[in-house]
K.L.:
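Dropping a structure here in C-alpha cells format, bear with me for questions.
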Amino acid sequence: MLEPSQSDLTAMEVATMRGLAEQAALAQQGETTLDVETLSARLRDVAQRGGPPELGAVLWELLSSGTLTTVRDRKGRSCRMLAVKALLKLDGPEARRLAPEDLTFGRTPTLAPPRWVLVISAALTTLGGLGTVVVSLVGHTMMSLAFHGSPIPPFSQFVAALTGGLTAWRALKLVIAPEARPSDLRALLLLAAAGGLLVTLEIPARMNGGPNGLLSPLLAALPAALTAVFFRASGIPFRGNT
C-alpha cells in the first residue's frame, strides 16, 4: 500500500483547516455547530510545529472573518489567540498583515478562567438581579404593611427593580450560553455602575428615614461587575464586530 506523498499530506492539512474555517463561518450564522475542540487542537498543532505555507491564507481568512472572537475550547483557550500564534509560527506574508489588535491579543498571555467559573459567576449575577427585584418591590411592600406605611414602593425602588431585572436577564443569557460578546461585557459593566449609582443617590433619603431596600441594587451590581471582570480576563474585548 502506497503511503501518501508530502504534497498529498499538505493538501489534506489545508483542506481540513479550510473545512473548519467554513464550519466556523456557518456556526456564526447559526446554520451548524462548530467542532471547537478539533479546531483548537489543529491550531495548537500548527502553533507548536508549524505547517505548510498554504495554511497562512486559510488562517488569515479565518481571523479576518471575526468568527473566532468569542470561541474558546473546554479549557478556556481562545481559538482567536491560537490562530494568531499559528499564523505567526508560519511566518508568511499573511503574518505581516495581522491587525495590531490581533498581534496584541496573540502575544499577551491572558488569564482564562475555566468555563464553570464563568457559568457560576453569571448564575450568581442572575440570582442577585432577581434578589434586587424581590427586595426592592416585595420586601418594601411587606415592610410598609407591617409598619402601616404606604404599600406602593417609591419610584426609586421601581428603578432599582428594573435595573435588577435587566441584570438578571443579561446574566441568564450567559448561563445558558457562556460565550460572551463585547456587548454583553459592556452591558454588565453599565448595569453594575447603575446599581452603584442608585445606592449612592438613595443615601441622603435613607438618612432621613427614606425607603427600605437601600442596598438592594448591590445584590445585582457586585456580581455583575465580577462577572464582567471574569469575561474580560478570559479575552473578551470591550469593543468588537460581534
K.L.:
Check side-chain hydrogen bond (donor to acceptor under 3.5 Å, both in side chains) between T32 and all other residues, then give those that pass, not counting sequence neighbours.
P.N.:
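Here no residue qualifies.
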K.L.:
Show the nearest heavy-atom pair for residues L185 and A228, with the distance to one decimal.
P.N.:
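For L185 and A228, the tightest heavy-atom pair comes out as CD1-O, 3.1 Å.
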K.L.:
Does R42 have any salt bridge (Lys or Arg N to Asp or Glu O under 4.0 Å) partners at least two apart in sequence or in another chain, and if so, which?
P.N.:
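Once residues adjacent in sequence are excluded, R42 has no partner under the salt bridge (Lys or Arg N to Asp or Glu O under 4.0 Å) criterion.
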K.L.:
What distance do L43 atom CG and L87 atom CG have between them, rounded to the nearest 0.5 Å?
P.N.:
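Here the interatomic distance stands at 10.5 Å.
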K.L.:
Restricting to non-hydrogen atoms, name the atom on G195 and the atom on A221 that form the minimum distance, rounded to 0.1 Å.
P.N.:
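So the minimum-distance heavy-atom pair works out to CA-CB, 4.1 Å.
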K.L.:
Partners of R49 by salt bridge (Lys or Arg N to Asp or Glu O under 4.0 Å), sequence neighbours excluded?
P.N.:
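Result, salt bridge (Lys or Arg N to Asp or Glu O under 4.0 Å) vs R49: E13, D45.
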K.L.:
Answer whether the closest heavy-atom distance between the side chains of L226 and L124 falls below 4.5 Å.
P.N.:
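The answer is no, as the side chains (C-beta and beyond) never meet within the 4.5 Å cut-off.
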K.L.:
Kindly write out the residues that satisfy side-chain hydrogen bond (donor to acceptor under 3.5 Å, both in side chains) with T125, not counting sequence neighbours, or none if the list is empty.
P.N.:
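Only T227 meet the side-chain hydrogen bond (donor to acceptor under 3.5 Å, both in side chains) criterion with T125.
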K.L.:
How long is the gap from CG on L191 to CZ on R170, to the nearest 0.5 Å?
P.N.:
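Here the rounded value is 8.0 Å.
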K.L.:
Going by the salt bridge (charged side-chain N to carboxylate O under 4.0 Å, His left out) test, which pairs reach into residues 17-35, not counting sequence neighbours?
P.N.:
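Those involving residues 17-35 are R18-E61.
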K.L.:
To check you understand the geometry: which heavy-atom pair defines the closest contact between A24 and T67, and what is its length?
P.N.:
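In terms of heavy atoms, the two residues are closest at CB-OG1, 3.9 Å.
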K.L.:
Can you name the residues that form a salt bridge (Lys or Arg N to Asp or Glu O under 4.0 Å) with R97, not counting sequence neighbours?
P.N.:
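With sequence neighbours excluded, R97 shows a salt bridge (Lys or Arg N to Asp or Glu O under 4.0 Å) to no residue whatsoever.
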